[in-house]
Amino acid sequence: MTAFTTADILLPRLTSEGMSKWAVVACDQYTGEPEYWEATRGIVGNAPSTLDLILPEAYLEEPDCEERIADIHENMANCLKNDLFNVHNDCFILTKRTQADGRPRVGLVGAIDLEMYDYNKGSKSQVRATEATVAARIPPRVNIRINAPLELPHIMILIDDVQNTVIEPLLEKKLQTVYDFELMQNGGHLEGFVVDGENARGVLAALDKLADKDAFNKRYGLQNEEVLLYAMGDGNHSLATAKECYEQKKRANSPDAELARYALVEVVNLHSRALEFEAIHRVITDVDTDDLMCKMTEALGLSYDGEQKFSVIIGDKTREFGITRPNSNLTVGSLQTFLDGYLNANGGKIDYIHGEDVVRRLCADGSIGFLLPSMKKSELFPTVIKDGALPRKTFSMGHAHDKRFYCEARIIRK
C-alpha cells in the first residue's frame with residue numbers, strides 16, 4: 001500500500017465564470033510583487049475565492065498578519081456554514097491543465113499519508129523532500145493551518161513513471177467532468193474529472209507496482225534501498241507544515257488527528273513534457289554589495305574559469321563568474337551556503353525569484369541579484385536517493401503563472 005490514496009474532496013458549487021474567480025495561484029508565488037496580489041483582488045472583488053482562504057507570502061511579514069489569519073479561518077467556516085461545496089467521496093480528481101504556452105499537464109489530486117513522509121535530509125521514507133526544509137519557515141504556516149477547518153493544496157508531488165502507467169491511462173476513460181474554466185492572470189485553462197470506483201483502484205494497483213522494492217532498486221542501480229516513490233516538486237514547506245500539525249494533534253490525542261494525518265496534494269508524472277525544471281534566482285537587499293562580493297570572491301574563489309557558473313546583477317550591469325572552490329556538487333548549493341553564512345553574520349534579506357526579468361527589475365534599485373543555471377529533471381530522483389535533499393530553492397517547475405492554482409479543498413478539522 002502506497003502513501004497516496006483517495007479522499008473526500010470538496011469543490012465549490014460555482015459556474016465556470018465563478019470558478020475563474022475562485023482559483024488563485026499558489027501563495028508562495030510573486031512574493032516580491034504585491035501588485036500581482038492587488039490585481040488579483042481587483043479581479044475577484046467580493047466573489048467566493050480561495051484568495052480569502054490563503055495568506056499570500058507577500059504579506060507574511062505585514063503587521064496585520066494575525067488578523068489576516070483569523071479572517072481566513074472565519075472565511076473557511078463561512079464556506080462550510082453556507083454550504084458552498086459539493087462533496088466527492090472516496091475519489092481522486094484528475095486535472096488537465098493547459099498552460100499559457102498551450103502545453104497540457106495532467107495530474108491527480110488525492111491524499112498523502114503523513115505517516116509515510118519525513119522531510120529530514122537522509123530520510124528513507126516513501127515520501128521525501130527534494131530540497132532542504134528550513135525549520136524557521138514552518139511555524140508561521142502552522143499558525144494558519146493548525147486551527148483551519150479546511151486545507152487547499154498547492155503541493156505538487158512527483159512520481160518517476162517512465163512507462164506512464166499511473167495517471168495517463170485515465171485519459172482514455174469516460175470520467176465525470178467537475179470543472180472546466182479559464183484561470184486568471186495568464187494561468188491557462190483547467191479541467192477536472194472524478195476518478196472513483198474501479199478507476200481509482202486501477203491507480204492504486206499501478207502505484208503498488210511502481211513501489212515494488214526489487215524493481216525500484218533495479219531501476220536506479222541500487223541494492224536493498226528503501227523505495228522513494230513520491231518526491232516533492234512544489235510546496236515543500238506546506239507539506240512539512242501539514243506534518244508538524246499532524247504530529248502536534250497526534251501527541252495531544254486530538255479528535256482531529258486522523259483527519260490531520262493526511263494532506264491533499266496533486267501527483268504529477270516527472271516525465272510530463274509540460275514539466276520543465278527552471279532555476280530559482282536570488283536577490284539580496286539591505287547589504288553592502290561591495291563587501292558581499294569581496295567576501296564571496298575570497299570564499300568561493302570566483303573567477304571566469306570555474307565550472308560552477310552563475311551571473312551577478314548589480315544595477316544595470318551583469319557579470320558572469322565561475323566558482324573554483326565549490327562546497328557543493330551544484331552551483332546553487334555552493335552559492336546558498338555562502339549567502340546563508342554571510343546574511344547570518346551581516347544581516348540583509350534574501351528573496352527567491354522566478355524569472356530573470358523580475359531579478360533585473362528588482363536589482364535596478366541597488367539590490368544584488370544572482371542568476372543560476374537550471375538542473376536537469378532526470379537528475380532529481382537519483383540525486384535525492386543517493387545524496388538526500390538538495391539545497392533549498394534549487395529548482396522551480398515552470399513559470400510562476402504555471403504553478404498550481406488552488407481549486408479543491410478538504411476538511412481537516414471536526
In the structure I gave you, are the side-chain heavy atoms of [X] and [Y] within less than 4.5 Å of one another anywhere?
X      : Y      : result
Phe216 : Leu222 : yes
Val178 : Gln176 : yes
Leu207 : Asp161 : no
Lys121 : Glu131 : no
His88  : Leu11  : yes

For [Y], does its backbone N or O pair with a side-chain atom of [X] as donor and acceptor, under 3.5 Å?
X      : Y      : result
Thr297 : Leu302 : no
Asp288 : Asp291 : yes
Ser49  : Lys21  : yes
Arg141 : Ala240 : no

Minimum-distance pair of heavy atoms, taken over all atoms of Tyr59 and Arg68: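 The pair with the smallest heavy-atom distance is CD1-NH1, 3.5 Å.
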In terms of side-chain geometry, is the basic nitrogen of [X] or [Y] positioned less than 4.0 Å from the acidic oxygen of its partner?
X      : Y      : result
Lys403 : Asp234 : yes
Glu247 : Arg261 : no
Glu379 : Lys386 : no
Arg103 : Glu276 : yes
Arg201 : Asp208 : no
Glu298 : Lys295 : no
Arg97  : Glu191 : no

Whether Phe310 and Phe370 hold their rings parallel, tilted or perpendicular, with breakpoints at 30° and 60°: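 Tilted, since the angle between the ring planes falls between 30° and 60°.
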Euclidean distance, Leu300 CG relative to Thr337 OG1, rounded to 0.5 Å: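 Nearest 0.5 Å value for the OG1-CG distance: 8.5 Å.
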Stepwise side chain to side chain donor-acceptor pair (under 3.5 Å) test for Asp28 and Tyr352: CA-CA 10 Å; Asp28 58 351; Tyr352 301 94; over 6 Å; no
Test of ring centre spacing under 6.0 Å for Phe181 and His189: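 Judged by ring-centre distance (under 6.0 Å), Phe181 and His189 do not meet the cut-off.
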Output field: ring centroids Phe4/Phe92 closer than 6.0 Å: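 Centroid separation for Phe4 and Phe92: below 6.0 Å.
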Verdict with reasoning, Ile146 to Lys249, per side-chain contact (heavy atoms from CB on, under 4.5 Å): CA-CA 9 Å; Ile146 194 71; Lys249 292 187 176 186; 4.0 Å; yes
Pi-cation contact, Phe85 with Arg13 (under 6.0 Å, within 45°):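 Checked: cation-pi criterion not met.
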Audit row: Met116, Ser125, side-chain contact (heavy atoms from CB on, under 4.5 Å) steps and yes/no: CA-CA 6 Å; Met116 302 175 75; Ser125 58; 5.8 Å; no
Pairing residues for Glu266 by the side-chain hydrogen bond (donor to acceptor under 3.5 Å, both in side chains) criterion, not counting sequence neighbours: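 Only Thr95, Arg404 meet the side-chain hydrogen bond (donor to acceptor under 3.5 Å, both in side chains) criterion with Glu266.
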Listed partners of His271 passing side-chain hydrogen bond (donor to acceptor under 3.5 Å, both in side chains), at least two apart: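 side-chain hydrogen bond (donor to acceptor under 3.5 Å, both in side chains) check on His271 returns Asp160.
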Test side-chain contact (heavy atoms from CB on, under 4.5 Å) applied to Glu244 - qualifying residues, sequence neighbours left out: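 Glu244: side-chain contact (heavy atoms from CB on, under 4.5 Å) contacts with Ile138, Val142, Gln248, Arg251.
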side-chain contact (heavy atoms from CB on, under 4.5 Å) between Leu170 and Leu108, intermediate numbers included: CA-CA 10 Å; Leu170 295 170; Leu108 204 59; 3.7 Å; yes
Donor-acceptor side-chain pairing of Glu115 and Tyr262 below 3.5 angstrom: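 On atom types as modelled, these side chains do not qualify, holding no pair under 3.5 Å.
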Phe381: which of Leu229, Thr130, Leu228 passes side-chain contact (heavy atoms from CB on, under 4.5 Å):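 Considering Leu229, Thr130, Leu228, a side-chain contact (heavy atoms from CB on, under 4.5 Å) with Phe381 is found only for Leu228.
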